[in-house]
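Read through the structure below, which is laid out as structure tokens, and then see the notes.
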Amino acid sequence: MHHQNEIRMNKITTLVLSVSAFVCLSGQQQMSLQDCELAFQKNNLQLLAAQYNINMADADIIQAKIWELPQIEGYVNAVNPQDKRVFDVGRAKGVEITQLIYLGGKKKNEIQFAKSNKELSQLQFSQLLVDLKTELRQTYYNLIYEQKKRTSIENQLKYMNDLLSAYKTQVDKGNISLKDYVRLQSIVIQLNNDKIEINNNILAFQQKMKVLTGTSESISPELSKAEENELLVAQPFGDQEILKEKALANNADYLYNLKLIDNSKLYAQWQKSLNTPDLNLGAEYDQASGTFNNEINLKIGIPIPLWKVNKGNVERAKYAIQQNEKNLEYQKLNLETQVESAYQTWKNQYDQYFELKPVDSENLNTVYNGILKNFRSGNISLMDFTDFLESYRQTVLQIYEMKKQIMISAEEINQLVQTKIFY
């Protein structure tokens with residue numbers, strides 16, 4: 001009796017039609033990855049703000065080149081006790097002008113240090129650009145495949161909700177058991193849970209894309225089948241050792257730490273030169289109070305170097321050099337380890353996906369449509385049908401996740417190596 005009810009129910013579901021994928025684009029703008037990257041470079045506020053660090057470094061170079069202003073001093077008579085006069089300016093006045101002359105190469109060293117700081121600012125900006133661009137591309141890929149997941153889930157939900165409604169009618173009439181209805185309902189509940197989670201993910205990625213690109217509308221990503229296949233099959237040029245070498249030659253964060261050693265040496269050289277006393281050179285005119293009337297004198301002043309006035313800063317600068325040298329060793333090991341890990345992660349994702357054979361995964365929808373057709377025709381039992389649906393739901397989500405992870409892990413390698421390696 002149960003089998004006859006099931007056959008009757010399968011005939012009822014013949015009218016249930018699958019719906020093609022549809023994504024609501026209301027309030028969204030379609031943008032390719034290249035479009036997003038252009039918007040990012042033009043509008044990203046974090047990137048635009050960071051550029052001012054380079055401008056400020058330029059200003060520091062200008063400031064380092066500026067000398068102390070010359071000083072001018074003068075005097076006039078206030079009280080003339082001999083003639084009992086005040087402000088006897090006509091017979092007693094004088095003026096002197098002095099200029100601080102830097103010795104020991106102070107200005108040269110300060111300028112070189114300022115120029116080195118600009119190079120560090122440029123490397124920091126380059127690393128920020130790479131990090132943000134990687135975040136942009138990974139977010140774009142996340143958005144693409146989360147939307148693909150949502151489309152698949154919505155298609156399954158459409159079919160299952162119609163089927164569940166039809167079953168509910170038959171349950172009310174007593175034609176089928178409540179157990180069969182509950183079995184279908186559990187699948188619908190799981191699909192709805194998947195949809196909620198995916199929608200939350202999409203919302204988070206959309207918000208991140210808005211911040212990264214500086215756009216107010218939600219972005220609908222575009223990725224053709226040919227572009228997708230090209231990204232999936234791309235192979236890195238060279239093995240792990242070659243990738244490590246390229247990373248050490250191009251990674252802006254590592255180059256920053258490398259340059260930091262030279263920067264700290266220039267700073268130490270500047271601090272050492274500050275121990276050299278500076279010269280005050282000037283000229284003086286005196287009308288009447290000197291040995292001669294209207295005399296002009298040369299003035300020279302220099303501190304007596306009884307001790308090194310900048311000794312502590314010099315010692316501190318030496319320790320900074322040693323610290324940066326040790327830190328570079330750590331950064332080198334850390335970068336090589338990260339490259340090795342990122343490469344292995346990408347390879348694991350790549351091998352996992354291509355073990356499935358993409359042709360087989362593409363045939364999954366054909367199998368799915370065949371199962372639907374056979375179920376409507378009564379050739380498949382409800383239990384077999386629901387078992388397949390559960391397996392299909394998980395498999396589709398996993399395939400999209402594997403594709404996404406291949407692209408994301410490839411971007412992690414690009415982020416570390418920072419030169420073209422995938423061909």
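- Using a 4.0 Å cut-off between a side-chain N of Lys or Arg and a carboxylate O of Asp or Glu, Glu110 and Lys65 do not qualify as a salt bridge.
- Cation-pi contact between Lys107 and Tyr102: present, with separation from the ring centre below 6.0 Å and deviation from the ring axis of at most 45°.
- In this structure, Leu335 and Leu248 have side chains that are in contact, with non-hydrogen atoms separated by less than 4.5 Å.
- With hydrogens and angles left out, the side-chain atoms of Ser381 and Asp384 include a donor and acceptor closer than 3.5 Å.
- A salt bridge does not link Glu217 with Lys210: none of the charged nitrogens is closer than 4.0 Å to a carboxylate oxygen.
- With respect to Lys332 and Glu329, no salt bridge is recorded, no charged nitrogen being found less than 4.0 Å from a carboxylate O.
- Lys272 places none of its side-chain heavy atoms less than 4.5 Å from the side chain of Gln269.
- The closest side-chain heavy-atom distance from Tyr350 to Leu232 is not below 4.5 Å.
- When each of Glu228, Glu222, Glu227 is paired with Lys225, the salt bridge (charged side-chain N to carboxylate O under 4.0 Å, His left out) condition holds for Glu228 and for no other.
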(request) Output, in order, the C-alpha distance, side-chain angles, deciding distance and verdict of ring pair (Phe, Tyr, Trp, His ring centres under 6.0 Å) for Phe385 and Phe375. (result) CA-CA 7 Å; Phe385 175 68; Phe375 179 64; 3.9 Å; yes

(request) Could you go through the side-chain contact (heavy atoms from CB on, under 4.5 Å) check for Leu163 and Leu184 one step at a time? (result) CA-CA 8 Å; Leu163 182 60; Leu184 286 177; 4.0 Å; yes

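- Donor-acceptor pairing under 3.5 Å is recorded for the side chains of Asp194 and Gln190.
- Inspection of the Gln271 and Asn310 side chains reveals an N or O donor paired with an N or O acceptor under 3.5 Å.
- The ring of Phe113 has its center closer than 6.0 angstrom to the ring center of Tyr267.
- Ring geometry, Tyr400 versus Tyr145: the interplanar angle falls from 30° to 60°, so the pair is classed tilted.
- Using a cutoff of 4.0 Å between basic side-chain nitrogens and carboxylate oxygens, Asp60 and Lys118 are not scored as salt-bridged.
- The pair Lys244-Glu336 does not count as a salt bridge, with every side-chain nitrogen at least 4.0 angstrom from each carboxylate oxygen.
- Defined by atom type and a distance below 3.5 Å, a donor-acceptor pair is missing between the side-chain atoms of Glu197 and Asn201.
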